[in-house]
Protein chains: 4
Amino acid sequence: MARPLSEDKQFALLAAAAELVALQGVGAPTSQIARQAGVAEGTLFRYFATKDDLLNQLYLHLKSELCTALTAENLAAYSLKERAHAVWNLYIDWGLAHPLAAKALSQLHVSDKVLPETRAKAHAMFPDVSEIVGNVFAGLSQQQSTAFSEMLLGTLAETTLSFAASNPAQSQSYKAAGFAFLWRGLAHD
Amino acid sequence: MARPLSEDKQFALLAAAAELVALQGVGAPTSQIARQAGVAEGTLFRYFATKDDLLNQLYLHLKSELCTALTAENLAAYSLKERAHAVWNLYIDWGLAHPLAAKALSQLHVSDKVLPETRAKAHAMFPDVSEIVGNVFAGLSQQQSTAFSEMLLGTLAETTLSFAASNPAQSQSYKAAGFAFLWRGLAHD
Amino acid sequence: MARPLSEDKQFALLAAAAELVALQGVGAPTSQIARQAGVAEGTLFRYFATKDDLLNQLYLHLKSELCTALTAENLAAYSLKERAHAVWNLYIDWGLAHPLAAKALSQLHVSDKVLPETRAKAHAMFPDVSEIVGNVFAGLSQQQSTAFSEMLLGTLAETTLSFAASNPAQSQSYKAAGFAFLWRGLAHD
Amino acid sequence: MARPLSEDKQFALLAAAAELVALQGVGAPTSQIARQAGVAEGTLFRYFATKDDLLNQLYLHLKSELCTALTAENLAAYSLKERAHAVWNLYIDWGLAHPLAAKALSQLHVSDKVLPETRAKAHAMFPDVSEIVGNVFAGLSQQQSTAFSEMLLGTLAETTLSFAASNPAQSQSYKAAGFAFLWRGLAHD
DNA sequence: TATGAATGAGTATTCATTCAT
DNA sequence: CATGAATGAATACTCATTCAT
């Protein structure tokens, strides 16, 4: 029986890629990623067909980790706002706890190397937030409104995270401020 | 003087750079930019010392065009909200009218090739918005609150613009939705 | 290991560099050196980090070959003058036998691409000649006198070699003339 | 009557070239040479057809200045050795007084940009030294011997000069040492 | 399966020279 | 005659990918 591709190595490559993409952007050389992962240059291409494939897999991997963090707690018993606030805090806290992962994710968000279908796959991993974001925008269909709100939620969180990460002393204030802005924007109060 | 550095060529280079950066990101090759501008490869470097210099100049150029668009009308006679809404609409309309410029600008926003001092220079071009964004966030200093609000405003506008541009039929609705979200978020109503 | 860095290729690159540096100076393009060595352009940079590194390695390589040639014979049994004369002859003969190597070496001697530490390393390879050059110059310390004499010896040999190489028919006479000049200059007779 | 090419500018270009060639070698850019001379880039090529032409003219110019320095004094009344020693001292002193000129000259000496016919022209400027160098080498024709001796004289002086210039405190000792070596080498004592 | 040497197209930048002004 | 903008070939070096070992 042929030895399968090692999950350890795959994971090490994704972790190395996350770090280097965070620090150097998507232009980080595959040779450095391989070295950082402790494998040979050519080995990377046994786990990922191309560099673009690696970046897409990395995107899914990081999104999946984020998703796991957001669904850690059972919030069924709480009010809508409490649940939304809890998830918001989990997002920001995840980003503060994993700054390189968060940084890599924002690099990938704006990269055209990440394909639309990859983004769609990642989007599908997340629980439905249509209840939270509501249907607040006149002139847009329910679907359009939800998609728009979700994107606003995402960019808001990313911006909040970057301010919180840059000012550790005020991180809790930025976290609260970001949520307040979002909640008012969604016309919940 | 044998021949002055042609403003036409400088402009053509900036326009070519805007287009290619919009389509390919900051990695767009200088050789292609020069060709697109209709000049020789070496000529680019008579107008811009390095590629990074070109990108920084491009950032200032586009920001300056945007700024001009936003200050086209005299709004002194209107209410705060009317003024804010008018500026918001001018922003989105500028982006819809110049999609490549807007796209290039968002590429440059996230690029680390644009130096902090360039960003500062660009920021200084814009009129003060502290009155519009107010001081709405508990736990943050006036300065922190303003900076945070400005950034939220910027990312909101960018997101709104991308949705509006992708759905021309609904662009007016996205434009209105984005402003409504912002205005509520800033706790003005 | 997939394949070790081939000593053959490293040698071929050094040989190609020697030839092209001899003919064109240190400005010889790396692309030509690679082609002459029969490898791809990029391959050169797997063996030598930079062109300057290649030039420094080439300097050491050629000096080492020269040094080997000079220490081929065991001269312990001979008088000082006989030993000096033998080494002189070995030098000139090596240059006549390897004119490109000798030419490359004189190009590198005057190039500022070859670092002082490289020169020091090369100098350390050679046997001590302080006995031969003596301490003949008034007003200079032993160390200064030796360094000066060594340099005179080197430039004398290089000049002699170039005359000998240009006039093969008289090469033996130039060889003898150069040594006679040196020996008298060092005040040995 | 058309205004002739200005001798001032030609001289300024040669002076600038000497300085930059001394500091950067023959690879010094023509644009820098022109700027240093206070003229426009294109102007250089009205005085010198090509960069190689400039380098050849520079060689002749510097050799001519050196020659002037060596023939400053009337030495007819002195002995052969006294005359030789005086000329030697004038050479070294000229080099110490004009280190950039001397450095440029040694760069040009080893450059293949300086054509043989230029070297021949320069050689013809100098007074006959056959009396000084004598005909001391067995197996060589008078002409060969003289040419060889002249070259030895030149390289010896250049080496001596570089040591003297690097050690100003000992420059007189090196100057004396170099002459002593030369004079003994020529078998005069 | 893992390795890493080999590849060569691609990149930013330089520079001698030309020529329109 | 002087200028300096324009040129484009040339240069050192990088990097994703392949494949022999």
Side-chain angles (χ1 to χ4, degrees), chain A residues 1-6 9 27-35 38-55, chain B residues 1-6 8-10 27-35 38-55, chain C residues 1-6 8-10 27-35 38-55, chain D residues 1-6 9 27-35 38-55:
Chain A
M1 189 171 61
R3 186 150 44 108
L5 288 168
S6 140
K9 278 180 188 152
T30 52
S31 56
Q32 269 189 58
I33 294 172
R35 188 178 336 128
V39 304
E41 263 180 83
T43 302
L44 187 152
F45 292 94
R46 301 195 66 78
Y47 290 83
F48 305 96
T50 64
K51 185 183 181 181
D52 283 8
D53 182 36
L54 167 62
L55 293 174
Chain B
M1 202 165 32
R3 215 180 329 176
L5 273 176
S6 142
D8 281 3
K9 274 180 190 138
Q10 170 140 359
T30 51
S31 56
Q32 270 189 56
I33 295 173
R35 189 178 336 129
V39 304
E41 246 175 284
T43 301
L44 187 151
F45 293 94
R46 293 193 72 80
Y47 288 83
F48 305 97
T50 63
K51 185 183 181 181
D52 282 9
D53 182 36
L54 168 60
L55 292 175
Chain C
M1 202 163 34
R3 216 178 330 174
L5 273 176
S6 142
D8 280 4
K9 275 180 188 139
Q10 169 139 359
T30 52
S31 56
Q32 269 188 58
I33 294 172
R35 188 176 339 128
V39 303
E41 247 177 283
T43 300
L44 186 153
F45 293 96
R46 294 194 70 81
Y47 289 83
F48 305 97
T50 63
K51 184 183 180 181
D52 282 10
D53 182 37
L54 167 60
L55 293 174
Chain D
M1 187 172 61
R3 186 151 45 108
L5 288 167
S6 139
K9 279 181 186 151
T30 52
S31 56
Q32 268 189 58
I33 294 172
R35 188 179 336 131
V39 305
E41 263 181 83
T43 303
L44 185 152
F45 293 93
R46 301 196 64 78
Y47 290 83
F48 305 96
T50 64
K51 185 183 183 183
D52 282 9
D53 182 36
L54 167 61
L55 292 174

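Convention: sequence-line order gives letters A, B, ...; per-chain numbering from 1.
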Whole-Å distance, A/Leu54 CG to F/dC15 C1', equals 14 Å

message = Check the phosphate of E/dT1 against A/Tyr47, side-chain N and O only, distance under 4.0 Å to OP1 or OP2. Yes or no?
response = no

With B for base contact, S for sugar-phosphate-only contact and - for none (protein heavy atoms under 4.0 Å), nucleotides 10-17 of chain E reads -SSBBSBB

Rounded to whole Å, the CD1-C1' distance (A/Ile33 to E/dG4) equals 17 Å

Tightest non-hydrogen contact, residues C/Phe48 and C/Asp53, listed as CA-OD2, 3.5 Å

By side-chain contact (heavy atoms from CB on, under 4.5 Å), D/Ala40 pairs with (sequence neighbours left out) D/Thr43

In whole angstroms, the gap separating P of F/dA5 from CG of B/Asp8 amounts to 15 Å

Taking five pairs at each terminus, the helix from E/dA2-F/dT21 to E/dT21-F/dA2 shows an axis bend, to 10°, of 0°

All heavy atoms of B/Thr30 vs all of B/Leu44, minimum pair found to be O-CD1, 3.6 Å

When rounded to whole Å, the CG to C1' distance for the pair A/Leu55 and F/dA16 reads 12 Å

Here the distance between atom C1' of F/dT18 and atom CZ of A/Phe48, to the nearest Å, is 18 Å

Between C/Lys51 and C/Phe45 the two heavy atoms that sit nearest each other are N-CE2, 4.2 Å

B/Gln10 meets the side-chain hydrogen bond (donor to acceptor under 3.5 Å, both in side chains) criterion, sequence neighbours left out, with none

Check: If only atom types and distance count, is the side chain of D/Tyr47 paired as donor or acceptor with the main-chain N or O of D/Leu54 below 3.5 Å?
Finding: no

Does a side-chain N or O of B/Lys9 approach OP1 or OP2 of F/dA5 to a distance below 4.0 Å, or not?
no

In whole angstroms, the gap separating P of E/dG8 from CG of C/Leu44 amounts to 14 Å

Residues at least two apart in sequence or cross-chain that pass side-chain contact (heavy atoms from CB on, under 4.5 Å) with C/Glu41, listed by chain then number, are C/Ser31

In whole angstroms, the gap separating P of E/dG4 from CD of C/Gln10 amounts to 18 Å

